[in-house]
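The first residue of the sequence shown is numbered 1, and numbering continues consecutively from there.
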Amino acid sequence: MKKSNKLTAVYALIMDLPLSIVITIIALALGGNLSLSSFIPSCILAYVVTFFVNFIHAEKWGFAFASKHAKPGTFKFGLLLNLVVAAVFVVILDLIMTYFGVIIQGGGTMSDYWKAVIGGFIPCYVPTLIIAMFWNNVADKWSRQICNEPAPEMPGAADQQ
């Protein structure tokens, strides 16, 4: 069952708030520019970007990958699924947010930009993966309750609700 656009939007609003806050803090700290005046516009931009990234539906790619290597409903399955989804989010966020911070706000060069993109990926990927692992189920449950849409059945899952 495909998520409706309404469910995707509500899920994004719930899921992406902690993600945007944490990633913005890490990215600004890495760039030595962590201040309230840089945090607010960067966090808002991150929240907007992540909202739209949800409509790529990277979870389909993550589900396909995880299904090949683990049983649905297991920790390993969730980890593998989130490894892919977090990577998609971080690549897109890293490219956009680094451009915003290094080029637009900082007046840096493209060389500075690419160094920051490469240097920021792992420090942003790890917390994104952790947030996805712990916050995804909450965001999914709350968004489904708000939108009154049931969770899809996962063949082979140990615990169907």
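- Neither Leu28 nor Ile104 shares a network with the other; the hydrophobic side chains, linked directly or stepwise wherever heavy atoms of I, L, V, M, F, W or Y lie under 4.5 Å apart, form separate groups for each.
- Asp112 and Thr109 share a donor-acceptor pair across their side chains, judged by distance under 3.5 Å alone.
- By the neighbour-count criterion of 12 heavy atoms within 6.0 Å, atom CZ of Phe52 is sparsely surrounded, having that number or fewer from other residues, nucleotides or ligands.
- Residues Ala116 and Val102 share a closest heavy-atom pair of CB-CG2, 3.8 Å.
- No donor-acceptor pair closer than 3.5 Å links the side chain of Trp142 to the backbone N or O of Val10.
- Proximity of a side-chain donor or acceptor of Asn148 to a complementary backbone N or O of Arg144 within less than 3.5 Å is not detected.
- Between the side chains of Tyr99 and Asp94, no donor-acceptor pair of N or O atoms lies under 3.5 Å.
- The backbone N or O of Leu95 sits less than 3.5 Å from a side-chain atom of Tyr113, completing a donor-acceptor pair.
- Neither Ile96 nor Ile40 shares a network with the other; the hydrophobic side chains, linked directly or stepwise wherever heavy atoms of I, L, V, M, F, W or Y lie under 4.5 Å apart, form separate groups for each.
- Cation-pi geometry between Lys71 and Phe77 is not satisfied (NZ or CZ under 6.0 Å from the ring centre, within 45° of the ring normal).
- Judged purely by distance below 3.5 Å, without hydrogens or angles, the side chains of Ser20 and Asp16 never pair a donor atom with an acceptor atom.
- Note on Phe63 and Leu7: separate hydrophobic clusters, where clusters join Ile, Leu, Val, Met, Phe, Trp and Tyr whose side-chain heavy atoms are under 4.5 Å apart, directly or indirectly.
- No side-chain heavy atom of Val84 sits less than 4.5 Å from a side-chain heavy atom of Glu59.
- Between Tyr11 and Asn136, the closest side-chain pair of non-hydrogen atoms falls below 4.5 Å.
- Contact annotation: the side chain of Val48 never approaches that of Phe51 to less than 4.5 Å [non-hydrogen atoms, C-beta and beyond].
- Of the options Asn33, Ile44, Ile21, a side chain to side chain contact (heavy atoms under 4.5 Å, CB included) to Phe39 is made by Ile21 and by none of the others.
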